[in-house]
2 protein chains.
Amino acid sequence: MRSTPALPPQLAGRLGVAVTRLARRMRSQRRSDALSSTQLAALHSLYRLGALTPRELAVCERVQPPTVTRITAALEDLGLLSRHSHPNDRRQMILQLTPAGTALVAAADSASEQWLCGQLAMLSDGERASLAEAIPIMNRIANS
Amino acid sequence: MRSTPALPPQLAGRLGVAVTRLARRMRSQRRSDALSSTQLAALHSLYRLGALTPRELAVCERVQPPTVTRITAALEDLGLLSRHSHPNDRRQMILQLTPAGTALVAAADSASEQWLCGQLAMLSDGERASLAEAIPIMNRIANS
DNA sequence: TATTGTTATACTCTATAACTATA
DNA sequence: TATAGTTATAGAGTATAACAATA
């Protein structure tokens, strides 16, 4: 006997496969000079939440601190975010989008998002609405 | 001027971030002895489509042939799939789930799916329905 | 000569462990 | 002593290039 909920049938398996495939496709779609999915996700968090410390960004993205170091170093090199010392605690840093970083997020102006925009444009309004409904639910699961 | 469709606003960005985060979370949730997302996706394809050659599986999963070699070697070691020579063309192999592999897929009996099942159990019926609606749309985008 | 699959190799992403600076 | 961030290192996962066997 198994006590899984299982309405609709196989939902976990199908969701896992769909997310895996779409994530892989987005990554492969990315041009070599473009931002990675994780870099893009970090920019989105900073766009949504404003300035954060590396630690806060790590919690928010559910990655470890060294990963944040790498991601933010690359984004700083690209001029998309700035790193300042915390005024009261010199151990901490403050990460913040530059105008260029803000513009990039606001315009969905990255290679993988351009591709995704094109795909979404070919869907019906109803299909786009279905995706829009699913997004916060997926985020909730990812953050739980 | 930009000619993106953009209903609902920022949909591409939000979808990309949600998929990235959920894929990462599922991967980190996985126990060290468990199957990877890609291995699981391969099992699901063989479950759905029956026997395939490595080439066919590569096309279906949108990965390159060497990746299929690695994935299937691991799954064969675990006794989840079998590899036979093609009867007419000795260059080709036939990949097919074993009874153990079939049972694993049918039962969603893997660590990451167990975790995902638990998360899905905490959602409302309406939320599960929203996810179920979004899954085929994500698959369509991933395969386009 | 073209195709299937494998082996060799390299790159990206992410983690853990060890280190430095500050509190 | 505890905490923030970085550096060093290792392990997945996947790709491209080169190779072997077969058509």
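Reminder, nothing fancy here: chain letters follow the sequence lines and each chain counts from 1.
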Here the distance between atom C1' of D/dA4 and atom CG of A/Leu52, to the nearest Å, is 15 Å
From the candidates D/dT6, D/dG5, D/dT22, the one with an atom nearest any side-chain atom of B/Asp89 is D/dT22
Could you state the CZ-C1' distance from A/Arg83 to D/dA4, rounded to the nearest angstrom?
-> 12 Å
Indicate whether OP1 or OP2 belonging to C/dC13 is found under 4.0 Å from a side-chain N or O atom of A/Ser36.
-> yes
Could you give the CG-to-P distance, from A/Asn88 to C/dA23, as a whole number of Å?
-> 10 Å
For A/Thr69 and D/dT6, is the shortest distance between a side-chain N/O and OP1 or OP2 below 4.0 Å?
-> yes
The side chain of B/Thr38 lies closest to which of these nucleotides: C/dA15, D/dG13, D/dG5?
-> D/dG13
Find the distance A/Arg91:CZ to C/dC19:C1' and express it as a whole number of Å.
-> 15 Å
Taking C-beta and beyond as the side chain, do B/Arg21 and A/Ser45 meet within less than 4.5 Å on heavy atoms?
-> yes
DNA chain D: A/Pro65 or A/Ser28, which has the more 5' nearest nucleotide?
-> A/Pro65
Is there a donor N/O on one and an acceptor N/O on the other, under 3.5 Å, for the side chain of B/Arg55 and the base of C/dT4?
-> no
Distance from A/Met122 atom CE to A/Arg128 atom CZ, nearest 0.5 Å?
-> 11.0 Å
Could you give the CE-to-C1' distance, from A/Met93 to D/dT3, as a whole number of Å?
-> 16 Å
Please check the phosphate of D/dA15 (OP1 and OP2 only) for any side-chain N or O of B/Arg62 closer than 4.0 Å.
-> no
Just how far, in rounded Å, is P of D/dA15 from CZ of A/Arg24?
-> 8 Å
A/Gln64 CD to D/dA10 P, in whole Å, measures 19 Å
Counting any heavy atom closer than 4.0 Å, what does A/Arg70 reach on the DNA or RNA strands: base, sugar-phosphate only, or nothing?
-> base
Of all residues at least two apart in sequence or in a different chain, which pass the salt bridge (Lys or Arg N to Asp or Glu O under 4.0 Å) check with B/Arg140?
-> A/Glu127
d(CZ, A/Arg90; P, C/dA21) in whole Å = 12 Å
Would you mind reporting whether B/Glu61 and B/Val68 have side-chain heavy atoms less than 4.5 Å apart?
-> no
